[in-house]
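On a predicted model such as this, the values are computed, not experimentally measured, just so you know. Throughout, a chain's letter reflects where its sequence line sits, starting with A, and its residues are numbered from 1.
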There are 2 protein chains.
Amino acid sequence: MNGRFAISMHILTLLEQFKGEVLSSDFIAGSININPVLVRKEISNLKKHHLVESKEGKAGGFTLAKPASQIMVSDIYKAVGTNSVLGKSVNDPNPDCKIGKQINKQLNALYEDVENAVIKKLGNISLAEFHKNFS
Amino acid sequence: MNGRFAISMHILTLLEQFKGEVLSSDFIAGSININPVLVRKEISNLKKHHLVESKEGKAGGFTLAKPASQIMVSDIYKAVGTNSVLGKSVNDPNPDCKIGKQINKQLNALYEDVENAVIKKLGNISLAEFHKNFS
DNA sequence: CTTTACTGTAATAATATTGGTTACAGTAAA
DNA sequence: TTTACTGTAACCAATATTATTACAGTAAAG
């Protein structure tokens with residue numbers, strides 16, 4: 001995976017920290033230390049998954065779409081949802097080989113198992129709980 | 001993660017399938033459909049972790065270093081051990097922000113938790129069991 | 001109604017990571 | 001001493017990721 005999960009977590013934790021306020025992409029980018037456009041792109045995705053709401057125009061910006069207690073870290077993980085935990089099985093193995101012929105299917109089954117374990121684990125933690133760790 | 005875990009799984013499953021025989025990197029590469037040098041590179045790592053043994057010279061090649069029943073998929077995962085399941089927290093966040101200052105520490109704790117869940121899951125499956133799925 | 005401070009998004013450039021290839025020294029069987 | 005391998009280094013190509021620029025659209029505030 002890439003750094004997108006970390007960015008989404010950072011964004012959402014910030015929004016919880018400043019709940020009640022509307023945060024601009026510039027402000028958020030300043031905390032993460034990345035380009036504001038990346039923040040807007042990432043939030044565009046979080047909006048699609050109903051985790052964040054935005055307001056356009058002057059004094060516009062972002063807020064959480066629902067209470068942090070109702071956002072599970074697994075929701076964030078699924079929203080970011082890039083590639084699998086164990087990587088991709090991008091190879092195009094030899095179909096004339098018994099192992100090559102079936103390896104992708106078997107690996108994908110394994111990947112799915114692990115993915116579910118991860119989601120279960122992250123489903124135990126809400127954004128509110130994650131945020132409580134910040135002293 | 002990248003495709004290295006898939007490659008290692010493929011290599012080890014092949015070695016189990018042809019146990020008793022010594023497989024060359026050319027043969028293995030033919031099944032995976034990648035370059036033989038990549039196979040040797042990946043096996044170089046598996047050797048370091050005592051999962052594979054090699055024999056140099058003519059008629060040389062590779063074999064499993066121990067019975068497949070004694071190799072857990074978690075061992076393979078740990079051997080490949082590239083980056084974390086949830087990605088990296090490569091950002092260099094703003095230390096003047098309460099969230100930015102602590103986010104990496106908090107994310108790393110989360111990552112470790114998830115990593116352990118994955119290892120636990122993969123610790124239930126041996127290479128022998130994985131190989132049994134191939135009909 | 002125009003200025004200001006924002007979002008939204010496309011297009012592109014820079015950088016990092018990953019995978020592929022060539023080359024060749026070293027080894028051991030035949 | 002030839003042959004068929006491993007072991008690695010060095011380099012190149014392909015791909016993925018992240019950063020930047022640019023600008024249209026929106027809404028509050030004067």
- request: List the steps, then state whether side chain to side chain contact (heavy atoms under 4.5 Å, CB included) holds for A:Leu38 with A:Ile32.
  value: CA-CA 10 Å; A:Leu38 282 187; A:Ile32 309 181; over 6 Å; no

- prompt: Aromatic rings A:Tyr111 and B:Phe5: how do their planes relate, parallel, tilted or perpendicular, breaks at 30° and 60°?
  reply: tilted

Parallel, tilted or perpendicular: ring planes of A:Phe134 versus A:His131, cut at 30 and 60 degrees: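 Aromatic pair A:Phe134/A:His131 classed parallel.
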
Between the protein and nucleotides 4-7 of chain C, which nitrogen or oxygen pairs are less than 3.5 angstrom apart?
residue: C:dA5; atom: N3; partner: A:Lys58; partner atom: N; Å: 3.4
residue: C:dT7; atom: OP1; partner: A:Ser25; partner atom: N; Å: 2.8
residue: C:dT7; atom: OP2; partner: A:Ser25; partner atom: OG; Å: 2.7

Could you state the atom-to-atom distance from [atom1] of [X] to [atom2] of [N] in whole Å?
X       : N      : atom1 : atom2 : value
B:Ile32 : C:dG19 : CD1   : P     : 12 Å
A:Asp92 : D:dT15 : CG    : P     : 14 Å
B:Ile34 : C:dT21 : CD1   : P     : 10 Å
B:Asn33 : C:dG19 : CG    : C1'   : 13 Å
B:Asn35 : D:dA9  : CG    : C1'   : 14 Å
A:Leu38 : D:dT21 : CG    : C1'   : 13 Å
B:Lys41 : C:dG19 : NZ    : P     : 10 Å
A:Arg4  : D:dA16 : CZ    : P     : 14 Å

field: A:Glu53/A:Lys47 salt bridge by N-O under 4.0 Å criterion
entry: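 Salt bridge flag = no for A:Glu53 with A:Lys47.
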
- prompt: Is the shortest side-chain N to carboxylate O distance from A:Glu16 to A:Lys19 below 4.0 Å?
  reply: yes

- prompt: Of all of residues 8-18 of chain A, which get a heavy atom below 4.0 angstrom from DNA chain C, listed by number?
  reply: none

message: Partner lookup for D:dA24, please. Criteria are Watson-Crick or G-U wobble with both distances under 3.5 angstrom; report none if nothing qualifies.
response: C:dT7

Would you check if the side chain of [X] reaches a backbone N or O of [Y] as a donor-acceptor pair within less than 3.5 Å?
X        : Y        : value
B:Asn108 : B:Asn104 : yes
A:Asn33  : B:Asn94  : no
A:Thr13  : A:Met9   : yes

message: Assess the residue pair A:Leu64 and A:Leu51 against the criterion (side chain to side chain contact (heavy atoms under 4.5 Å, CB included)); give the C-alpha distance rounded to whole Å, side-chain angles, the decisive distance to 0.1 Å, and a yes or no.
response: CA-CA 6 Å; A:Leu64 289 180; A:Leu51 299 176; over 6 Å; no

